[in-house]
Amino acid sequence: MIPEAPVKLGNRLKHCRFDHDDMTQEALAEAAGVTRQTILSIEKGRYVPSTLLALKIAAFFRKPVEDIFFIVDEKATEGGAS
Amino acid sequence: MNAPLESFVKFAVSAVLILCGIALWIVPKTGIAKHIRGGERGFIVSQCLGILTGVTGLAATFCLPSLIVESHLMWLILIPFVVVEIYWLLVARVRRTNAVLDEKQDADMARAGGLAMALSIPVMTGFFLWSRGRAVESLLWFPFFLFTVIFLFSSGVLTAYRRS
């Protein structure tokens with residue numbers, strides 16, 4: 001089911017880094033060909049990576065992209081919280 | 001008109017442009033090329049330099065209007081900014097690609113460009129209203145606009161980059 005807006009992109013990037021020998025943001029940034037600031041922004045949910053970058057990151061961790069990035073339905077979250 | 005200053009400015013600008021042209025031509029062919037990276041630090045320094053150039057230029061426009069225009073002080077103030085732009089051109093040449101920034105930096109610059117364009121309208125309108133009825137040198141419009149846009153763009157990029 002495709003959720004209605006508003007939606008956000010959630011991620012488990014931090015967990016993946018920690019599971020990967022406590023990899024630093026800088027090391028992941030270098031592996032993905034971006035800056036550390038970009039990785040930081042993705043982890044904080046402030047920046048939505050492009051499809052290409054998401055696939056690069058998933059390929060690096062050898063996981064399906066859906067295991068790392070997922071849609072967060074904010075409406076459902078608010079309803080659940082209230 | 002300040003003749004010594006004008007001569008110095010012309011010499012300095014010419015020398016910088018010639019040196020930058022030589023660097024663009026020679027550096028990619030030498031061992032220095034491997035040290036030309038760009039990167040996050042270079043990106044932040046570029047924006048800081050843009051902000052400094054904008055602020056200095058605007059201050060000089062209002063405090064030294066005759067020097068800005070008649071002695072070409074404007075071009076002297078622009079030199080560091082131009083050198084930074086040439087540096088990024090060099091990065092592109094060394095890497096043999098136009099993609100010298102990552103996708104987030106590209107997105108931040110696009111957002112800052114739109115913001116600079118939108119904000120420049122009320123700023124220039126304000127300058128227009130302020131200058132009516134005042135004896136303002138007509139040639140000041142250009143340095144005021146130039147340094148305003150450089151300041152707005154660079155500060156917009158840096159803000160977007162650090163906040164998001």
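To find a chain, count down the sequence lines: A is the first, B the second, and so on, and within it residues start at 1. Bear in mind that the values here come from a model prediction, so they are computed numbers and not experimental data.
- Neither B/V83 nor B/L19 shares a network with the other; the hydrophobic side chains, linked directly or stepwise wherever heavy atoms of I, L, V, M, F, W or Y lie under 4.5 Å apart, form separate groups for each.
- B/F43 and A/I42 fall into different hydrophobic clusters, where Ile, Leu, Val, Met, Phe, Trp and Tyr side chains are chained together by heavy-atom contacts under 4.5 Å.
- Here B/I121 sits in one hydrophobic cluster together with B/M117; the rule is ILVMFWY side chains under 4.5 Å apart, joined directly or through other members.
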Which donor-acceptor pairs lie under 3.5 Å between chain B and chain A?
unit_1	atom_1	unit_2	atom_2	d
B/E40	OE1	A/R36	N	3.3
B/D102	OD2	A/T35	N	2.9
B/D102	OD2	A/T35	OG1	3.0
B/D102	OD2	A/T38	OG1	2.4
B/E103	OE1	A/S50	OG	2.6
B/E103	OE2	A/Y47	OH	2.8
B/E103	OE2	A/S50	N	2.8
B/E103	OE2	A/S50	OG	3.4
B/Y161	O	A/Q37	NE2	3.0
B/Y161	OH	A/T35	OG1	3.2
B/R163	O	A/R46	NH1	3.1
B/S164	O	A/Q37	NE2	3.3
B/S164	O	A/S41	OG	2.5

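- Not counting sequence neighbours, the partners of B/L115 by the side chain to side chain contact (heavy atoms under 4.5 Å, CB included) test are B/L119.
- Under the ring-ring contact (aromatic ring centres under 6.0 Å, His included) criterion, the residue pairs touching residues 102-134 of chain B are B/F62-B/W130, B/F127-B/W130, B/F127-B/W141, B/F127-B/F144, with sequence neighbours excluded.
- More than 12 heavy atoms of other residues, nucleotides or ligands sit less than 6.0 Å from atom CZ of A/F60.
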